[in-house]
Amino acid sequence: MDTSFKQRVLTIVKKIPQGQTMTYGQVAALAGNSKASRAVGMILSKNFDPAIPCHRVVKANGDVGGYNRGRENKLKMLQNEKIVSLT
DNA sequence: CGTATGACGTGCA
DNA sequence: GTGCACGCCATAC
């Protein structure tokens, strides 16, 4: 385990509540560097841990950004938990 | 240490 | 609203 920036980002993303989304810059800011938005994206891209809801991380302009399993899958998940807020 | 890469952010025309 | 360019940071070699 490396107590590095990536570890911090992963922990934050992991804490993102369902139905909620955060921007890379926001996660980066919480990680310690509000300018490390790119680094955040790279880290998530290299991380394939299913325990990390990286699909809840979007770009600052509201774009879905990307996903290690395909943008389509990300959009689907967001639509599944973000849109569908019904029990 | 220097270079290259990448799921970004912001500014300007 | 759209397109382009620059900056910023972390990781890998």
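No experiment lies behind these values; they were computed from the predicted model shown. Sequence lines set the chain letters: A, B, ... in the order given, protein chains first and strands last, and positions in each chain run from 1.
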Has A:Asn33 got a side-chain N or O lying under 4.0 Å from the OP1 or OP2 atom of C:dA10? yes
Whether A:Lys46 contacts C:dA12 is assessed here as follows: a side-chain N or O lying under 4.0 Å from the phosphate OP1 or OP2. Is that the case? yes
Out of [options], which has the shortest distance to the side chain of [X]?
{"X": "A:Cys54", "options": "B:dC8, B:dA7, C:dC9", "result": "B:dA7"}
{"X": "A:Leu44", "options": "B:dA7, B:dG9, C:dC9", "result": "B:dA7"}
{"X": "A:Lys35", "options": "C:dC8, C:dT11, B:dA7", "result": "C:dC8"}

Are [X] and [Y] close enough that some pair of their side-chain heavy atoms sits under 4.5 Å apart?
{"X": "A:Gln26", "Y": "A:Ile12", "value": "no"}
{"X": "A:Asn47", "Y": "A:Lys6", "value": "no"}
{"X": "A:Val57", "Y": "A:Thr23", "value": "no"}

Please give, in whole Å, the distance from [N] [atom2] to [X] [atom1]?
{"X": "A:Lys59", "N": "B:dG9", "atom1": "NZ", "atom2": "C1'", "answer": "9 Å"}
{"X": "A:Glu72", "N": "B:dA7", "atom1": "CD", "atom2": "P", "answer": "16 Å"}
{"X": "A:Phe5", "N": "B:dC8", "atom1": "CZ", "atom2": "P", "answer": "14 Å"}
{"X": "A:Lys74", "N": "B:dC8", "atom1": "NZ", "atom2": "C1'", "answer": "11 Å"}
{"X": "A:Asn73", "N": "B:dA7", "atom1": "CG", "atom2": "C1'", "answer": "14 Å"}
{"X": "A:Met42", "N": "B:dT3", "atom1": "CE", "atom2": "C1'", "answer": "13 Å"}
{"X": "A:Tyr24", "N": "C:dA10", "atom1": "OH", "atom2": "P", "answer": "17 Å"}
{"X": "A:Tyr67", "N": "B:dC8", "atom1": "OH", "atom2": "P", "answer": "15 Å"}

The test is side-chain contact (heavy atoms from CB on, under 4.5 Å); show your working for A:Arg56 and A:Gln18 and say whether it passes. CA-CA 8 Å; A:Arg56 293 186 193 146; A:Gln18 182 196 41; 3.6 Å; yes
Group every Ile, Leu, Val, Met, Phe, Trp and Tyr by side-chain heavy-atom contacts under 4.5 Å, then state whether A:Met42 and A:Val9 land in the same group. no
Spell out, yes or no, whether A:Val58 and A:Met77 are grouped together once hydrophobic residues are joined by side-chain heavy atoms under 4.5 Å, including indirect joins. no
Earlier contact from the 5' end, DNA chain B, for A:Ala39 and A:Asn61: A:Ala39
Could you tell me whether the side chain of A:Arg38 has a donor or acceptor atom within less than 3.5 Å of a complementary atom in the base of C:dG7? yes
Run the numbers on A:Val13 and A:Leu44 for side-chain contact (heavy atoms from CB on, under 4.5 Å), then give the verdict. CA-CA 9 Å; A:Val13 175; A:Leu44 294 178; 4.1 Å; yes
By the 4.0 Å heavy-atom rule, please label A:Gly65 as base, sugar-phosphate, or nothing. nothing
Please write out the pairs of protein N or O atoms and N or O atoms of nucleotides 2-4 of chain C separated by less than 3.5 Å, giving the distance to one decimal.
none

